[in-house]
Each structure stands twice: as structure tokens, then as C-alpha cells.
Amino acid sequence: DVQLQACGGGLVQAGGSLRLSCVVSGYSFDDYAIAWFRQAPGKEREEVSLFSRRDHSTYYGDSVKGRFTISSDDDKHTVYLQMNNLQSEDTAIYYCATIDANLFSGMETPQYEYDYWGQGTLVTVSS
């Protein structure tokens, strides 16, 4: 079974940093793309950042460009989301999710195509 374990959330002051981790198990590591989503209270879930294992391409939502960085550690089967200069609007539950590489089309990928989801990790940014 494929399992995603997300962690690294917490409480941070505005301007601070956090690094989220998503450990993927049960998936052939080269056969998927992985995404970070977030959902704030009362808002729809939005894409934050994507990483393609096939070509190592990365994608970012407009609201996080220049502040967040997605990366992968193949040996640890882990994808990271480094979040810098956090702002109150970044407060949300962050989820990682995987998708078959053959179904991945960058930021245009429908959320329903993602097949496995982590349990979420809460990021709270105080102003």
C-alpha cells in the first residue's frame, strides 16, 4: 500500500520559516509526481507546489513563488517544502499527494487525479 506521511507543521511568527516533509512509501519512486496542497479555514484547497520525479521539474502557485521551495531526497523517499518569509495568509493545513506520472500535467492537473494523500500538517503563522 502507498502511504504518505506529512510532518513539519507548527506555529511560527510572520517572516519565519518552516520545512515540511512528506515521506512516501509503497510507490515506485520514479513513477509519480508529488504535490503540496493547502486548505485554510473557509477556503478551497489550493495547489502550493508540485514536483515531477520524471524530469525533476517544479511548479509553484503564484502566492508562494519566491518564498517556497520544493525538493526531493531520493534516498529517503521524501519530498520537502521549504517555506520562508511565512505570512498569516499561509496559515492552513498542508497536504501532500501523489499522482501517476502519466496523468501529471503540471499546475493544470485536476485535484481529483491525485490518488494518494497524506494526513495533513497544520501550519499556523502569527502576525
Side-chain angles (χ1 to χ4, degrees):
D1 290 349
V2 177
Q3 293 186 348
L4 281 67
Q5 183 70 36
C7 63
L11 174 63
V12 64
Q13 289 187 333
S17 298
L18 284 173
R19 189 178 75 160
L20 306 183
S21 301
C22 179
V23 180
V24 182
S25 60
Y27 222 124
S28 176
F29 205 66
D30 288 337
D31 293 343
Y32 66 88
I34 191 164
W36 285 99
F37 293 87
R38 68 184 181 187
Q39 188 164 22
K43 294 187 177 181
E44 294 187 354
R45 189 169 56 196
E46 66 168 329
E47 289 173 306
V48 175
S49 184
L50 316 177
F51 180 86
S52 170
R53 283 291 305 128
R54 277 190 173 176
D55 58 10
H56 290 198
S57 56
T58 59
Y59 307 81
Y60 298 94
D62 290 339
S63 62
V64 305
K65 283 180 181 177
R67 300 188 298 124
F68 290 12
T69 302
I70 192 169
S71 62
S72 174
D73 185 327
D74 293 356
D75 291 339
K76 296 182 179 180
H77 290 201
T78 300
V79 174
Y80 302 100
L81 184 67
Q82 178 66 43
M83 306 185 295
N84 297 329
N85 191 23
L86 284 161
Q87 303 299 316
S88 57
E89 54 265 34
D90 296 317
T91 295
I93 299 175
Y94 285 70
Y95 302 90
C96 54
T98 55
I99 182 173
D100 186 314
N102 294 315
L103 301 177
F104 182 65
S105 56
M107 296 297 283
E108 303 302 318
T109 306
Q111 291 192 21
Y112 63 78
E113 294 282 9
Y114 287 86
D115 47 8
Y116 296 98
W117 293 77
Q119 82 286 6
T121 184
L122 176 62
V123 172
T124 304
V125 184
S126 62
S127 56

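Because the structure is predicted, anything quoted here is derived from the model rather than measured. Numbering of residues begins at 1 and proceeds along the displayed sequence.
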Nearest heavy-atom pair of [X] and [Y]: which atoms, and what distance?
| X | Y | answer |
| --- | --- | --- |
| S49 | L81 | CB-CD1, 3.9 Å |
| L11 | S126 | CD1-CB, 4.3 Å |
| W36 | I70 | CD1-CD1, 3.8 Å |
| G120 | I93 | CA-CG2, 3.9 Å |
| N84 | S17 | OD1-OG, 2.9 Å |
| Q39 | A92 | O-CB, 3.4 Å |

>> Any donor-acceptor pair under 3.5 Å linking the side-chain atoms of D73 with those of S71?
In response: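 Per modelled atom types, S71 and D73 side chains form no pair under 3.5 Å.
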> Apart from V23 itself, which Ile, Leu, Val, Met, Phe, Trp or Tyr residues share its cluster (side-chain heavy atoms under 4.5 Å, direct or through members)?
Replying inline: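 Same cluster as V23: nobody, lone residue.
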By side-chain hydrogen bond (donor to acceptor under 3.5 Å, both in side chains), which residues pair with [X], not counting sequence neighbours?
| X | answer |
| --- | --- |
| E46 | R38 |
| Q87 | N85 |
| T98 | D115 |
| D55 | S52, S57 |

>> side chain to side chain contact (heavy atoms under 4.5 Å, CB included) for R67 and M83? Distances and angles first, verdict last.
In response: CA-CA 6 Å; R67 300 188 298 124; M83 306 185 295; over 6 Å; no
>> If the condition is side-chain contact (heavy atoms from CB on, under 4.5 Å), which residues does V125 pass it with, not counting sequence neighbours?
In response: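 For V125 the side-chain contact (heavy atoms from CB on, under 4.5 Å) partners, ignoring immediate neighbours, are V12, A14, L86, D90, T91, V123.
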>> Going by side-chain contact (heavy atoms from CB on, under 4.5 Å), name the residues that satisfy it together with S25, two or more places apart in sequence or in a different chain.
In response: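 With neighbours one apart ignored, the set is Q3.
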Which value, rounded to the nearest 0.5 Å, describes the distance between [X] atom [atom1] and [Y] atom [atom2]?
| X | Y | atom1 | atom2 | value |
| --- | --- | --- | --- | --- |
| R53 | Y32 | CZ | OH | 7.0 Å |
| L20 | L18 | CG | CG | 6.5 Å |
| L4 | H77 | CG | NE2 | 12.5 Å |

> Restricting to pairs with a member in residues 106-127, which pass ring-ring contact (aromatic ring centres under 6.0 Å, His included), not counting sequence neighbours?
Replying inline: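 Non-adjacent pairs meeting ring-ring contact (aromatic ring centres under 6.0 Å, His included): F37-Y114, F37-W117.
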> Can you list every ring-ring contact (aromatic ring centres under 6.0 Å, His included) pair that touches residues 78-107, not counting sequence neighbours?
Replying inline: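 Found Y59-F104.
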>> For residues 83-127, which residue pairs pass the disulfide bond (SG atoms under 2.5 Å apart) check, not counting sequence neighbours?
In response: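 Listed by first then second residue: C22-C96.
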>> Show every side chain to side chain donor-acceptor pair (under 3.5 Å) that has at least one partner inside residues 99-110, sequence neighbours left out.
In response: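 For residues 99-110, and leaving out neighbouring residues, the side chain to side chain donor-acceptor pair (under 3.5 Å) pairs sorted by first residue read R54-N102, D100-N102, S105-T109.
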>> The criterion is ring pair (Phe, Tyr, Trp, His ring centres under 6.0 Å); which residues satisfy it with F68, sequence neighbours excluded?
In response: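 F68 satisfies ring pair (Phe, Tyr, Trp, His ring centres under 6.0 Å) with no residue once adjacent residues are dropped.
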